[in-house]
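Nothing fancy with the numbering, it's 1 onward along the sequence. Quantities reported herein were computed from a predicted structural model and do not represent experimental measurements.
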Amino acid sequence: MTQKQLDKLIAEQVEKSRQEFVANLQTELINKQITLTSLQNQINPHFLYNALESLRGRAILDNAPAIADMAQALARYFRYNISSKSDIVTIREELDNIGNYMKIQQFRFNNRFHIDIRHDPDDDVLDAIIPKLTLQPILENSIHHGFERKLGDANIRIEIVRTRKNINILISDNGIGISKEKLKMLNERIEHFDLLKQEENQHLGLALPNINKRLKLLFGDEYGLHVSSIEGVGTDVELHIPYVINNR
């Protein structure tokens with residue numbers, strides 16, 4: 001082996017080690033970010049659960065079913081978000097969490113939203129794995145950015161389609177949409193998001209770039225999410241993940 005070949009081999013090994021170090025560090029940072037968020041929410045959680053259950057019980061006694069349902073949805077939503085049991089869940093568990101989240105939002109916005117979830121009922125796609133808290137932040141974005149400044153119908157559709165090896169999840173809304181300029185900036189930020197660098201354009205939010213990074217770190221660079229939108233019409237967020245069944 002010549003000196004030139006040896007130098008090239010050493011350089012390749014150094015670069016490979018650097019990339020592995022950066023990937024591991026990013027994974028650790030994301031996990032710490034999730035843990036920090038959970039810790040910030042863990043303000044005596046058992047007290048919170050017990051208080052909500054007491055509220056629900058009193059609401060039932062007072063014949064106030066709407067408040068009872070709200071208290072139950074809040075308790076289940078906080079329990080799911082705070083639980084440290086696993087960072088990997090099933091799509092079914094994510095949809096259950098969305099159900100509780102939307103009950104809370106319906107109470108807040110006087111049943112303004114219509115949510116339509118579509119998938120093949122004969123398929124086991126809902127048992128496939130996905131990082132915890134992948135779907136709910138996307139719906140939260142739809143409500144906050146798409147509907148808070150819009151009057152009229154507020155429709156959200158979640159469509160889950162499985163191919164032989166992959167799953168596509170499309171979350172669509174008929175909100176105010178995103179301008180071409182902001183959409184381009186958002187997708188660039190999603191694609192090039194780096195936790196190791198100071199982020200510019202903080203007003204574009206961290207949720208979608210964070211979700212995309214988590215999907216890529218867990219499943220590989222060929223997976224992730226992409227946003228498309230037409231201003232005044234609505235927004236689509238498409239997630240592409242592998243078809244991997246939960247074996248817990």
Side-chain angles (χ1 to χ4, degrees), residues 34 36-83 89 91-118 130 132-160 169-178 182 186 202-208 210-211 225 227 229 231-237 239:
I34 295 168
L36 178 61
T37 301
S38 295
L39 287 172
Q40 288 171 339
N41 290 329
Q42 287 185 32
I43 304 173
N44 202 347
H46 294 294
F47 171 78
L48 177 62
Y49 301 151
N50 292 337
L52 288 170
E53 283 301 315
S54 298
L55 175 62
R56 178 172 176 265
R58 182 56 186 263
I60 292 172
L61 289 174
D62 290 346
N63 194 26
I67 296 176
D69 288 346
M70 172 69 163
Q72 184 180 59
L74 273 170
R76 290 175 175 174
Y77 175 75
F78 281 122
R79 189 180 297 273
Y80 181 83
N81 279 262
I82 293 171
S83 171
V89 297
I91 294 176
R92 187 186 312 278
E93 289 172 306
E94 280 288 277
L95 292 179
D96 287 344
N97 187 53
I98 281 176
N100 289 317
Y101 173 75
M102 290 307 299
K103 278 185 180 179
I104 297 165
Q105 294 291 13
Q106 295 286 41
F107 188 89
R108 178 187 173 199
F109 289 101
N110 195 27
N111 293 314
R112 182 185 176 198
F113 303 104
H114 174 72
I115 184 165
D116 180 21
I117 301 176
R118 302 181 184 184
I130 191 169
K132 182 180 177 182
L133 297 176
T134 294
L135 302 183
Q136 181 270 328
I138 299 175
L139 266 71
E140 186 170 346
N141 265 15
S142 290
I143 291 172
H144 178 65
H145 297 291
F147 294 123
E148 285 196 349
R149 292 184 289 122
K150 181 191 175 189
L151 300 175
D153 293 338
N155 301 319
I156 299 173
R157 185 179 70 190
I158 302 174
E159 188 171 4
I160 306 169
I169 303 175
L170 181 65
I171 302 176
S172 306
D173 68 58
N174 67 331
I176 63 173
I178 307 170
K182 286 186 177 180
L186 176 59
Q202 291 285 348
H203 63 282
L204 293 175
L206 290 172
L208 298 183
N210 201 335
I211 292 168
L225 67 81
V227 181
S229 184
E231 192 169 13
V233 176
T235 300
D236 295 337
V237 178
L239 292 86

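- Considering only residues two or more places apart in sequence or on other chains, Glu94 meets the side-chain hydrogen bond (donor to acceptor under 3.5 Å, both in side chains) condition with Tyr80.
- Looking at residues two or more places apart in sequence or on another chain, you find a side-chain contact (heavy atoms from CB on, under 4.5 Å) between Ile104 and Met70, Ala73, Leu74, Tyr77.
- Take Glu231 and apply the side-chain hydrogen bond (donor to acceptor under 3.5 Å, both in side chains) test, not counting sequence neighbours, and it matches no residue.
- In this structure Phe109 satisfies the ring pair (Phe, Tyr, Trp, His ring centres under 6.0 Å) test together with Phe113, sequence neighbours excluded.
- Looking at Asn141 and Val237, their side chains never come closer than 4.5 Å, going by heavy atoms from C-beta outward.
- Remark: Asn100 CG to Phe78 CZ distance equals 11.5 Å, nearest 0.5 Å.
- A search for side-chain contact (heavy atoms from CB on, under 4.5 Å) contacts involving Asn155 returns His114, Asp153, Asn174, not counting sequence neighbours.
- The residue from Leu135, Thr134, Leu139, Asn81 that alone fulfils the side chain to side chain contact (heavy atoms under 4.5 Å, CB included) condition with Asn97 is Asn81.
- Not counting sequence neighbours, the partners of Arg92 by the side-chain contact (heavy atoms from CB on, under 4.5 Å) test are Thr90, Asp96, Leu126, Asp127.
- Among residues at least two apart or in separate chains, salt bridge (Lys or Arg N to Asp or Glu O under 4.0 Å) pairs with a member in residues 98-111 are Arg108-Glu148.
- Scored by the side-chain hydrogen bond (donor to acceptor under 3.5 Å, both in side chains) test, Arg118 finds Asp116 as partners (sequence neighbours excluded).
- Thr235 meets the side-chain hydrogen bond (donor to acceptor under 3.5 Å, both in side chains) test with Ser229; sequence neighbours excluded.
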